[in-house]
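Numbering starts at 1 and runs along the sequence shown.
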Amino acid sequence: MSNSFLNASNFPTLMEIFPQSSSAAALMSKFAINLGQFFLPVAILLGGFVGVPFRVVFMSTGIVYLVLATLLAFLPYPKQVQKTANNEKNSNNSVQKSFSLGTICLVFMGFTTTAAFLLWINTYQELAKSYGIAQPSTLQSVYAIGASIAVLFNSFILKKGIKELDILIYYPLISAASLLLAYAINAPWILYVTSLCVGFFAANGLYQLTSAVLGNLYPTMKATTQSWAGLFSAFAQFGIISMAAWITAIAGNAAPKYILLLNVANMVLSTALALLVKRDSKNH
């Protein structure tokens, strides 16, 4: 619930603050998420060494949330551009006319871009054990490093003129190829390569870029349109995991490898949706 509330408010606000570089701003938010994913297992391990229960780590983050909430309640926000009623009416009419197949595909990509990394982070430990890796948690750190580097890299190439849709088309395909390698090669080292690739090409802010594209299409209703993608992202939170659980119940010990194939299919679907968005944008 907290994740959904934060996404629906944080991304549109960042786009308002940085209107000329909204995608890069959204990726910076993802960079902060990646830092948290990297430091969480480290903090838990350090707590174990000094005898502090892992719940203290989560309680500490709760205190940080309270501090941030206090700051947000009193610090000023940038001033928003005031629109006249006539301009607002014209903007709403343009929104209604621009609703298209591309919009629907972007909303569905809220599901595929979320499922891409959810399937990996909920499966890699069992997969690592079956491949003979004694400390599966090391894959999480490799994954987080790849995702963090990718966010910075993507922010750079977006500034250089690379389009968001090109990233949304090609990155899932590269991730799918790395997952197929992990399926075909039963060796511990390949999981480190795949974890790095999934972090870089799938967990690098694809959902945030999808939300940014939606927000740019509908500048007068950013939060509303991004919430559509957020709704499908929420579906992925339980839908794709339920599907993975069903595969586990049927396939048993072989389930992690079949879940790899499920993720490959998901990423190919994500690329297909992005291609439809690009074709629709050319038609309009």
Side-chain angles (χ1 to χ4, degrees), residues 1-7 10 27-71 114-152 175 178-179 182 186-205 207-208 233-234 236-238 240-242 244-245 247-249 252-257 259-260 263:
M1 287 177 64
S2 62
N3 181 63
S4 299
F5 275 110
L6 285 171
N7 285 344
N10 193 40
L27 287 175
M28 286 299 100
S29 179
K30 178 62 177 177
F31 180 71
I33 295 171
N34 293 337
L35 287 179
Q37 290 178 329
F38 177 79
F39 285 112
L40 176 60
V42 174
I44 292 174
L45 285 172
L46 290 176
F49 283 128
V50 298
V52 176
F54 71 87
R55 71 180 64 189
V56 173
V57 176
F58 294 95
M59 292 170 65
S60 300
T61 59
I63 295 173
V64 172
Y65 272 121
L66 290 174
V67 172
L68 289 174
T70 303
L71 292 173
T114 302
F117 64 87
L118 276 180
L119 283 173
W120 177 255
I121 63 176
N122 284 282
T123 309
Y124 77 88
Q125 292 204 26
E126 290 78 8
L127 191 65
K129 291 175 183 177
S130 68
Y131 277 43
I133 296 178
Q135 293 292 336
S137 60
T138 55
L139 292 177
Q140 172 67 14
S141 296
V142 173
Y143 161 91
I145 290 171
S148 299
I149 294 173
V151 167
L152 298 176
S175 298
S178 71
L179 290 168
N186 196 337
W189 64 267
I190 192 62
L191 291 188
Y192 288 97
V193 174
T194 301
S195 191
L196 184 65
C197 287
V198 171
F200 191 98
F201 294 107
N204 56 37
Y207 172 75
Q208 284 76 12
S233 175
Q237 299 280 347
F238 71 88
I240 202 70
I241 298 304
S242 298
I247 292 174
T248 301
N253 292 333
K257 299 200 73 171
I259 294 173
L260 284 179
N263 207 359

Measuring from atom [atom1] of [X] to atom [atom2] of [Y], what distance do you get when rounded to the nearest 0.5 angstrom?
X	Y	atom1	atom2	value
Leu46	Phe39	CG	CZ	10.5 Å
Lys257	Ile247	NZ	CD1	14.5 Å
Gln135	Gln125	CD	CD	10.0 Å
Glu126	Thr248	CD	OG1	7.5 Å

field: side-chain contact (heavy atoms from CB on, under 4.5 Å) between Ile259 and Trp120, worked out
entry: CA-CA 9 Å; Ile259 294 173; Trp120 177 255; over 6 Å; no
- request: Give the C-alpha distance, both sets of side-chain angles, the deciding distance and a yes or no for side-chain contact (heavy atoms from CB on, under 4.5 Å) between Val193 and Ser178.
  value: CA-CA 8 Å; Val193 174; Ser178 71; 5.8 Å; no
Does [X] have any side-chain contact (heavy atoms from CB on, under 4.5 Å) partners at least two apart in sequence or in another chain, and if so, which?
X	result
Phe54	Ile44, Phe58
Ala187	Ile185, Trp189
Leu71	Val67, Leu75
Gln237	Asn3, Thr114, Leu118, Ser233

task: Apply side-chain contact (heavy atoms from CB on, under 4.5 Å) to the pair Val198 and Tyr143, showing each step before the final yes or no.
output: CA-CA 7 Å; Val198 171; Tyr143 161 91; 4.1 Å; yes
Looking at every non-hydrogen atom in both residues, tell me the closest pair between [X] and [Y] and how far apart they are.
X	Y	value
Pro136	Lys129	CG-CG, 4.0 Å
Leu127	Pro256	CD1-CB, 3.6 Å
Leu191	Ala128	CD1-CA, 3.6 Å
Asn263	Ala115	OD1-O, 4.0 Å
Ser175	Phe201	OG-CB, 3.1 Å

message: According to side-chain hydrogen bond (donor to acceptor under 3.5 Å, both in side chains), who are the partners of Thr194, at least two apart in sequence or on a separate chain?
response: none
message: Applying side-chain hydrogen bond (donor to acceptor under 3.5 Å, both in side chains), can you list everything that pairs with Thr138, at least two apart in sequence or on another chain?
response: Tyr192
query: Between Ile149 and Ile145, does a side-chain contact (heavy atoms from CB on, under 4.5 Å) hold up when you go through it step by step?
result: CA-CA 6 Å; Ile149 294 173; Ile145 290 171; 3.8 Å; yes
